[in-house]
Amino acid sequence: GRLIWTIHNVLPHELRHREEEIALRRFLAARATHVHVLSPATVEAVQHLYPLDPDRVRLIPISSYLGWYPDTVTRDEARRALGIDPADTVLTTVGGIRPYKGHARLLDWFSSVADEDPHLRLLVAGRVEDPESAEALLERLEHARITARLEFVPDDEIQLWYRSADLAVLPYSSILNSSAVWLAITFGVPVVAPRLGALVELEELAFVRLFDPSDPEDLGRVVAAARRELVDPDRPERWREQVRAHAAGRSPQHMAEQFSALVLEAAATGPGRGRRLRARA
């Protein structure tokens, strides 16, 4: 057979069997017909655990979600639906609530500044992966200026959580490739994210700000700076078209076409290659 392996993370985020996970990835790295990476940073990031054969690595960058999720509501309509004042500055974070996502760090900063800023709001949406371990975190979300939906958000409602927002904040402590970044970009929302993995490549973009995840205070500093530099109350959607134009350059259709070409390339690879790979393993 032929095998195409896509590497999204170096290792699983909640790692229970480290050595077995590494062994599995070494097995795949040795036997895959092609290894699909979503960013150039991947090869170096995995090198110390499972080196990749450069002849079999294929780069197909992660796409945006432009055209996939409904985007029909206006900013004002989205805010009315979530009960948010038009004058508020709104931060949003969307995605499953898991330890590496860093919600606790974001809440530490938000709770320290919220009492001094009556126009600051935080939106949190996503399914709680382990309610028992997240109990303390969930209690902290019961704040007067936090709007939380702790469940899977249907496709047609994703737009509410982004079209309401001035900034998307991803307080992650570890990441290699992030679809959440591209979801925010799809909806035209400037992004604050960690300076990690493939996200480092985005730092040159005018609408992206990165923080140092090793510094507990840097997230707050960067969010505050992003608010000053990227949020304009007089022009609340100043970035929308520029950010969405960047999303258009990474369309899902283009990624699908590239991946289809990779499948055809793998299909054209003779079975002898598989035997050689087994012999080398």
Side-chain angles (χ1 to χ4, degrees), residues 13 75 78-79 82-151 153 160-175 178 180-181 183-184 187 189-196 199-200 202-203 207-234 236 238-239:
H13 290 294
R75 173 189 175 89
R79 289 195 168 203
L82 296 179
I84 298 169
D85 191 283
D88 285 346
T89 297
V90 178
L91 315 178
T92 192
T93 184
V94 179
I97 296 177
R98 300 165 64 181
Y100 82 93
K101 294 288 186 74
H103 291 87
R105 181 185 305 205
L106 178 58
L107 291 174
D108 287 344
W109 171 79
F110 184 81
S111 61
S112 72
V113 300
D115 291 340
E116 303 170 5
D117 189 345
H119 289 293
L120 185 64
R121 292 289 297 267
L122 175 62
L123 308 181
V124 179
R127 181 169 50 209
V128 181
E129 300 296 332
D130 186 354
E132 186 174 343
S133 65
E135 184 175 353
L137 177 68
L138 301 184
E139 290 178 1
R140 297 180 65 189
L141 292 174
E142 296 178 4
H143 188 287
R145 275 183 284 121
I146 297 176
T147 299
R149 178 171 180 171
L150 305 179
E151 60 185 4
V153 181
L160 300 178
W161 300 86
Y162 283 105
R163 296 291 281 122
S164 297
D166 295 296
L167 289 171
V169 181
L170 308 178
Y172 303 166
S173 59
S174 65
I175 200 73
S178 175
V181 165
L183 189 56
F187 283 96
V189 182
V191 178
V192 172
R195 190 177 292 107
L196 291 172
L199 304 188
V200 175
L202 304 178
E203 191 158 25
F207 51 84
V208 173
R209 298 291 184 273
L210 302 184
F211 69 92
D212 179 359
S214 68
D215 181 346
E217 306 299 323
D218 201 40
L219 173 63
R221 286 193 293 263
V222 172
V223 172
R227 184 179 178 184
R228 292 192 302 270
E229 298 164 7
L230 302 178
V231 179
D232 185 345
D234 297 324
R238 59 174 286 206
W239 290 103

Report yes if the side chains of L122 and L106 come closer than 4.5 Å at any heavy-atom pair, otherwise no. yes
Can you name the nearest heavy-atom pair linking P194 to L170, along with the distance? CD-O, 3.3 Å
Scanning both residues in full, the closest heavy-atom pair of I97 with G126 reads CD1-O, 3.9 Å
Short side-chain to backbone donor-acceptor contact, R227 and L91, under 3.5 Å: no
Compare every heavy atom of V208 with every heavy atom of L202, then report the nearest pair and how far apart it is. O-CB, 3.6 Å
Inspect the contact between D215 and R221 and indicate whether a charged nitrogen and a carboxylate oxygen are less than 4.0 angstrom apart. yes
Within-4.5 Å side-chain heavy-atom neighbours: L120 and F110: yes
Looking only at atom types and distance, does a side-chain atom of R209 sit under 3.5 Å from a main-chain N or O of V222, one as donor and one as acceptor? no
For the CG atom of L210 and the CG atom of L219, what is their distance to the nearest 0.5 Å? 11.5 Å
Compare all side-chain heavy atoms of L82 with those of R121 and state whether any distance is below 4.5 angstrom. no
As an exercise, state the distance from CD1 of I84 to OG1 of T89, rounded to the nearest 0.5 Å. 11.5 Å
Does anything in residues 101-111 pair up under side-chain hydrogen bond (donor to acceptor under 3.5 Å, both in side chains), and if so which pairs, sequence neighbours excluded? D108-R140
For the atom pair CZ (F187) and CZ (R75), what is the distance rounded to the nearest 0.5 Å? 15.0 Å
Taking every non-hydrogen atom, the tightest pair across D166 and P190: O-CD, 3.6 Å
Within this structure, what is the OG-CZ distance for the pair S173 and R98, rounded to the nearest 0.5 Å? 11.0 Å
Scanning both residues in full, the closest heavy-atom pair of D212 with R195 reads N-NH1, 3.9 Å
Calculate, to the nearest 0.5 Å, the distance between atoms OG1 and CG belonging to T147 and L160 respectively. 11.5 Å
A side-chain contact here means heavy atoms from C-beta on lying under 4.5 Å apart; do L107 and I146 qualify? yes
State whether the side chain of R127 and the backbone N or O of G96 hold a donor-acceptor pair below 3.5 Å, judged by distance alone. no
Would you indicate whether the side-chain heavy atoms of L123 and V94 approach each other to under 4.5 Å? no
Grab the two heavy atoms, one from S164 and one from V90, that are nearest each other, plus how far apart they are. O-CB, 3.5 Å
Would the distance check show the side chain of T92 and the main-chain N or O of W161 forming a donor-acceptor pair, the cut-off being under 3.5 Å? yes
